[in-house]
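Worksheet: the structure to be examined is printed underneath.
What you see below is based on every heavy atom in this structure, not just the backbone, and it leaves out hydrogens, waters and symmetry mates. If you're wondering where the values come from, they're calculated on a predicted model, not measured in any experiment.
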Amino acid sequence: MKISVLASGSKGNCVYIQGSSGALIIDAGRSAREILGTKDRSGRLQEAGGDRDLIGGILITHEHVDHVKGLGPLGNALKVPAYGTSGTLDAAGRMIRSRKNFSLQSIHPGDPFQVSGFKVTAFPVSHDAADPVGYLIEEDGIRLCYCTDTGTVTIAMMEMIKRSDGVVLESNHCPAMLRDGPYPAFLKRRIASSRGHLSNEDAGAVLAEISQEIHCAILVHLSEENNEPGLAISKAHEALGLAADDVDLFAASSVDTRTKPAYRKPVRRCRERCPEDCWKVSVSL
């Protein structure tokens with residue numbers, strides 16, 4: 001299983017997962033042109049080494065604009081179904097009015113379904129959206145848990161995460177940077193609430209619990225204003241403790257390589273700044 005973060009953050013989120021015989025996309029928060037490219041310019045998917053012909057579906061976590069902004073054009077271009085809870089699909093209606101060439105498939109948390117050879121199970125998360133979910137994705141006995149846009153990790157969520165061999169996990173903000181930053185008070189409260197976003201410390205607490213079970217951890221949805229990839233990966237590395245040497249750790253940042261570069265700590269190697277765009281870095285599980 002190969003994971004590529006095509007976009008991550010408040011300006012758009014999109015992750016590509018490729019298995020042995022198929023692929024899928026989670027969220028569509030950037031334009032179809034950016035993801036798939038045009039006749040004159042390659043897109044992030046191609047630059048990541050992905051294959052659009054393998055994609056059999058688009059999984060949607062929730063209806064916020066940074067997750068569904070490009071869903072209509074992307075679905076039309078790929079001609080594959082989009083999957084989400086009924087609450088999410090209803091709330092995202094205005095974003096998918098341009099739907100012509102793809103269907104919407106309603107899913108239910110806890111009920112597995114098949115996409116491109118993957119067994120997928122949605123689970124509820126805690127976010128200020130209509131019916132948000134994370135996903136447990138399985139192929140050939142390998143499990144990846146995708147858990148972002150949640151203000152807390154409940155016992156039930158933790159049970160899903162513990163079943164995985166790797167995790168794509170939100171590490172949205174540094175609490176001190178959020179507290180001292182320029183955001184208005186109401187927005188700071190929303191981000192830090194139980195229906196907001198996980199902090200670096202929150203993500204670290206999750207990783208500490210699963211440090212002996214996972215082989216890779218990809219940190220996503222880092223705030224451009226209230227976090228630094230270097231801070232996020234440092235907290236995660238610290239939380240993993242003695243197990244850190246055996247975990248492929250990646251803090252994805254799609255802002256730009258100069259001001260907010262991604263960071264990677266491969267297995268049995270030191271942490272390093274990535275010189276290239278984050279979507280050109282693939283993590284294998």
Shortest non-hydrogen contact from [X] to [Y]?
X	Y	answer
Leu285	Gly166	CD2-N, 3.9 Å
Ser10	Asp66	O-CB, 3.3 Å
Cys278	Val5	SG-O, 3.4 Å
Ala130	Ala91	CB-CB, 4.0 Å

Between the side chains of [Y] and [X], is the shortest nitrogen-to-carboxylate-oxygen separation below 4.0 Å, so that they form an ion pair?
X	Y	answer
Lys280	Glu276	no
Lys260	Glu228	yes
Glu34	Arg44	yes
Arg264	Glu272	no

Are [X] and [Y] connected in the hydrophobic side-chain network, where two residues link if heavy atoms are under 4.5 Å apart?
X	Y	result
Leu222	Val281	no
Ile214	Leu249	yes
Val167	Met157	yes
Leu169	Val133	no
Ile58	Ile137	no

Contacts of Ser199 that satisfy side chain to side chain donor-acceptor pair (under 3.5 Å) - sequence neighbours left out: Asp202

Residue set satisfying side chain to side chain donor-acceptor pair (under 3.5 Å) with Asp246, at least two apart, ordered chain then number -> Arg268

Determine yes or no for a side-chain-to-main-chain donor-acceptor pair under 3.5 angstrom, with [X] supplying the side chain and [Y] the backbone.
X	Y	result
Tyr263	Ala232	no
Ser4	Leu6	no
Asp51	Asp53	yes
Ser234	Gly230	yes
Asn227	Asn172	yes
Asn226	Cys174	no
Ser8	Asn13	no

side-chain contact (heavy atoms from CB on, under 4.5 Å) between His127 and Thr61: does it pass, once the steps are laid out? CA-CA 10 Å; His127 197 50; Thr61 59; over 6 Å; no

Ring pair (Phe, Tyr, Trp, His ring centres under 6.0 Å) partners of His237, counting only residues at least two apart: none

Tell me whether Lys235 at atom NZ has more than 12 heavy atoms from other residues, nucleotides or ligands lying less than 6.0 Å away. no

Between [X] and [Y], a side-chain donor and acceptor under 3.5 Å:
X	Y	result
Glu213	Ser211	no
Ser171	Asn200	yes
Ser20	Glu139	yes

side-chain contact (heavy atoms from CB on, under 4.5 Å) between Asp245 and Leu240, intermediate numbers included: CA-CA 9 Å; Asp245 202 37; Leu240 287 167; over 6 Å; no

Donor-acceptor pairs are to be reported for all side-chain atoms of residues 175-190 against protein atoms at under 3.5 Å, with residues two or more places apart or in another chain.
from	atom 1	to	atom 2	distance (Å)
Lys188	NZ	Arg179	O	2.7
Lys188	NZ	Gly181	O	3.0
Arg190	NE	Asp128	OD2	2.7
Arg190	NH2	Asp128	OD1	3.0
Arg190	NH2	Asp128	OD2	3.4

Report the distance from atom OG1 of Thr148 to atom CD1 of Ile26, rounding to the nearest 0.5 Å. 8.5 Å

Ring centroid separation for His221 and His67, is it under 6.0 angstrom? yes

Mind jotting down which residue pairs meet the side-chain hydrogen bond (donor to acceptor under 3.5 Å, both in side chains) criterion with at least one end in residues 151-168? Sequence neighbours excluded, please. Lys162-Glu209

Would you check, one step at a time, whether the test side-chain hydrogen bond (donor to acceptor under 3.5 Å, both in side chains) holds for Glu170 with Thr150? CA-CA 8 Å; Glu170 178 173 59; Thr150 186; over 6 Å; no

side-chain contact (heavy atoms from CB on, under 4.5 Å) between Asp248 and Val283, worked out: CA-CA 8 Å; Asp248 191 346; Val283 176; 3.9 Å; yes

What side-chain donor-acceptor pairs closer than 3.5 Å can you find for residues 106-118, not counting sequence neighbours?
from	atom 1	to	atom 2	distance (Å)
Ser116	OG	Ala23	O	2.9
Ser116	OG	Gly56	N	2.9

Run the side-chain contact (heavy atoms from CB on, under 4.5 Å) test on Leu71 and Asp27 for me, step by step, so that the C-alpha distance in whole Å, both residues' side-chain angles and the decisive distance to 0.1 Å come before the verdict. CA-CA 8 Å; Leu71 179 56; Asp27 286 333; over 6 Å; no

